[in-house]
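Below, all heavy atoms of this structure are taken into account, side chains as well, without hydrogens, waters or symmetry copies. Please read these numbers as outputs of a predicted model, since none were measured by experiment. Reminder, nothing fancy here: chain letters follow the sequence lines and each chain counts from 1.
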Number of protein chains: 2
Amino acid sequence: MWTETRVTGLLGIRCPILQAPMAGGATTPELVAAVSNAGGLGALGAGYMSAAAMRGAIRRIRELTDRPFAVNLFVPETPQEDEERMAAAHRLLRPYRQELGLSGEPQLSAYAEPFAEQIAVVLAERVTVFSFTFGIPSEEILQQLREQGIKTIGTATTVREAVLLEQSGIDLIHAQGGEAGGHRGTFLGRHGDALVGTMALVPQIVDHVTLPVIAAGGIMDGRGIAASLMLGAEAVQLGTAFLTTAESGIHPDYQAALLSSTEESTALTSAFSGKPARGLQNRFLREMEPHQQELPDYPIQNALTRDIRQAAAGQNNTDFMSLWAGQGTRLTRRQTAAELMANLIEETHNALHKVKRIP
Amino acid sequence: MWTETRVTGLLGIRCPILQAPMAGGATTPELVAAVSNAGGLGALGAGYMSAAAMRGAIRRIRELTDRPFAVNLFVPETPQEDEERMAAAHRLLRPYRQELGLSGEPQLSAYAEPFAEQIAVVLAERVTVFSFTFGIPSEEILQQLREQGIKTIGTATTVREAVLLEQSGIDLIHAQGGEAGGHRGTFLGRHGDALVGTMALVPQIVDHVTLPVIAAGGIMDGRGIAASLMLGAEAVQLGTAFLTTAESGIHPDYQAALLSSTEESTALTSAFSGKPARGLQNRFLREMEPHQQELPDYPIQNALTRDIRQAAAGQNNTDFMSLWAGQGTRLTRRQTAAELMANLIEETHNALHKVKRIP
């Protein structure tokens, strides 16, 4: 169906379609395995998972597929523990906590899962592909990954980031356009300056690195896949498109919101986690919009809103869930991951063939 | 070279490449004619031109080409004359006026050129194509244009706008993605919600209208053109790419700034005109960023900053010019419009042929 490209060869997959490693429960072992079984690369979004949970999920995926898949982690940051911002967050979040019936302030033992423990699982389990975002792991970790034969994918939102990633010795560059849902991977410069649309970002990155580039952001169907290949990408990554599949682990009301949303529905917010991310606009996102600059850094704010998001999910209340979504939401479909993969492949060929008739 | 598509047929052009109608002097008769002579559609950005200046430019273009070209106007808006905002603008602009040696406050007879006079020139001159942005002209004007056999192109930044444009009876839809330089064409809803990347916007609009769609935003070379065709667009519009051609009418220092800028260089600002537009970040854009909400609406703010921009140009001072640019600025090239057109056509074919080898 697809001749071998650098990406399919490197990753051992049949078609250059990657499922985005969405953290927060979307990437069930069933979803990851279904994508890999269909010839793409499934990915476990493990950023928020404990080492034990990661190990369990990886082993479950291996029961469901013998194909390659990826595990994704967040490169840790050392946030500023600013007392004023902590106080602001507590003050701003308190009414929502009360509304959801949560008592007292959140009790935090740590802001995030220990990265060293997470990466140890990746190494011990020898996953085929390790992808990461929010920065670049240490040279020591990258060396350990190489020694295990694990392929590495880093996330860039600008040419500068892509060049730095290439210099670090990783294997593939994921170019995240401004349309993409979820967290921005930006780790150099200002988030606003690094919000570059996929159409503009991909060719500029392709021109400045020699590694294969994986395009992401606003790609929802075969038209977007074919377009990305034209821009010089050698593979694509789709996130939002997989959120409404049967295997997706997100809340049914979140799925329903996606299926009824439009390209005008999303906005960037740092109110949920302290780091800008694109999601469907809901009450929490709108009401917190004027206060985003007052809040603590990621991952502190993420830890502070965790029980709010969990309580909202338990109460089927989308007002306070983080409804991450890209800008292509009118193109979401309710089907199985295998059906989506089959459609993506067929549509890509249709798009390529349709355009062949033009010149 | 290109088989006839709906767009080439409708507009009487050979290849589906449109030069964006950039107002403010960029679109000299020489640029417009060069693009049309090369088989694309040149366009005069006449939004800020008097009727007499328009007539002169149209006649000059006709001396240089017998091919079709477009004239573009801004659909007028009735701004709120808010005294507080006017006072804020005067207060905020005064230091810049002093720095540039401008004395007193700007003397304004009108905020914008009279649309009725401008449209009368379009009708009287029977230009082949009339394109517009910032809204939809009245049914009466659209009827007059139809009666003259003038083809019409309206600008949409969302599906809702595209559907409304189609209902108005125009001929083509220009889909303006968030990467695009210059003014946002948004006329429904909130500007922030309508900032949708080209990769996500084009297929969603294509799915909801039957008119041919022209993609714009971040398209700088044949890769972007081929990608847009894959997304379902039947033509493309490039603006920034033409700003650095030899025929472009922009200030040489503005051209130099474009040629040395990156994908991180642009930002949206409403400080120059009262309406959000994407341009290279400079001192005026950065310093006015916190004050954007305090300023008068378009076109009042545009009129208030006019002599600042003119004085800055006269003094070769890019700190105070409006340096409109899209997000693909690393792909700008210094060449003639004819060379650029030839390259675009060749690159499009290269992109299409490269991808043909993939599946």
Side-chain angles (χ1 to χ4, degrees), chain A residues 1-3 5 16 158-160 177-179 189-190 192-208 215 217-221 223-232 234 262-267 281 326-331 348-349 351-352 354-359, chain B residues 1-3 5 16 158-160 177-179 189-190 192-204 206-208 215 217-232 262-267 281 326-331 348-349 351-359:
Chain A
M1 184 64 102
W2 306 78
T3 59
T5 68
T158 62
V159 171
R160 284 196 294 156
E179 296 93 328
R190 300 196 311 171
D193 298 344
L195 194 67
V196 183
T198 304
M199 181 69 80
L201 181 66
V202 170
Q204 293 183 90
I205 287 185
V206 164
D207 285 349
H208 288 85
I219 307 167
M220 294 292 291
D221 60 20
R223 293 175 292 185
I225 296 173
S228 300
L229 298 175
M230 294 280 174
L231 292 175
E234 296 182 47
T262 79
E263 78 288 359
E264 294 181 70
S265 300
T266 76
Q281 297 180 51
Q327 292 188 313
T329 54
R330 282 187 195 258
L331 304 173
T348 305
H349 286 266
L352 291 168
K354 181 181 153 213
V355 169
K356 279 184 197 173
R357 293 195 301 268
I358 291 180
Chain B
M1 184 63 103
W2 306 77
T3 59
T5 67
T158 62
V159 171
R160 283 195 296 156
E179 296 93 329
R190 302 195 312 172
D193 299 344
L195 193 68
V196 182
T198 304
M199 181 69 80
L201 181 66
V202 171
Q204 292 182 89
V206 165
D207 285 349
H208 287 86
I219 306 168
M220 294 291 292
D221 60 20
R223 294 174 292 185
I225 297 173
S228 300
L229 298 175
M230 294 280 174
L231 292 175
T262 79
E263 78 288 359
E264 295 181 69
S265 299
T266 77
Q281 297 180 51
Q327 292 189 312
T329 54
R330 283 186 194 258
L331 304 172
T348 305
H349 287 267
L352 291 168
H353 282 282
K354 182 180 152 215
V355 169
K356 279 184 194 172
R357 292 196 301 270
I358 290 179

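With contacts defined as side-chain heavy-atom distances shorter than 4.5 Å, the pair A/R223/B/V206 qualifies. B/L331 is listed as a side-chain neighbour of A/D207, based on a closest heavy-atom distance under 4.5 Å. Put simply, the side chain of B/H208 reaches to within 4.5 Å of the side chain of A/R330, judged on heavy atoms. For the pair A/Q327/B/L201, no side-chain contact is recorded, criterion being any heavy-atom separation below 4.5 Å from C-beta on. The side-chain heavy atoms of B/L229 and A/M230, taken from C-beta on, include no pair separated by under 4.5 Å.
B/G197 and A/E179 get closest at one heavy-atom pair: CA-OE2, 3.1 Å. Heavy-atom minimum distance, B/Q204 versus A/G328: NE2-CA, 3.4 Å.
The side-chain contact (heavy atoms from CB on, under 4.5 Å) test with B/E263 is passed by exactly one of A/L195, A/V159, A/I205: A/V159.
For the set A/G218, A/A227, A/G217, A/A267, the count of heavy-atom pairs under 4.5 angstrom toward chain B peaks at A/A227. Comparing A/R160, A/E264, A/M220 by heavy-atom pairs within less than 4.5 Å of chain B, the highest count is held by A/E264. Among A/T262, A/V196, A/I219, A/V202, the residue making the largest number of heavy-atom pairs under 4.5 Å with chain B is A/V196.
Proximity to chain B involves both the backbone and the side chain of A/S228, based on heavy atoms less than 4.5 angstrom apart.
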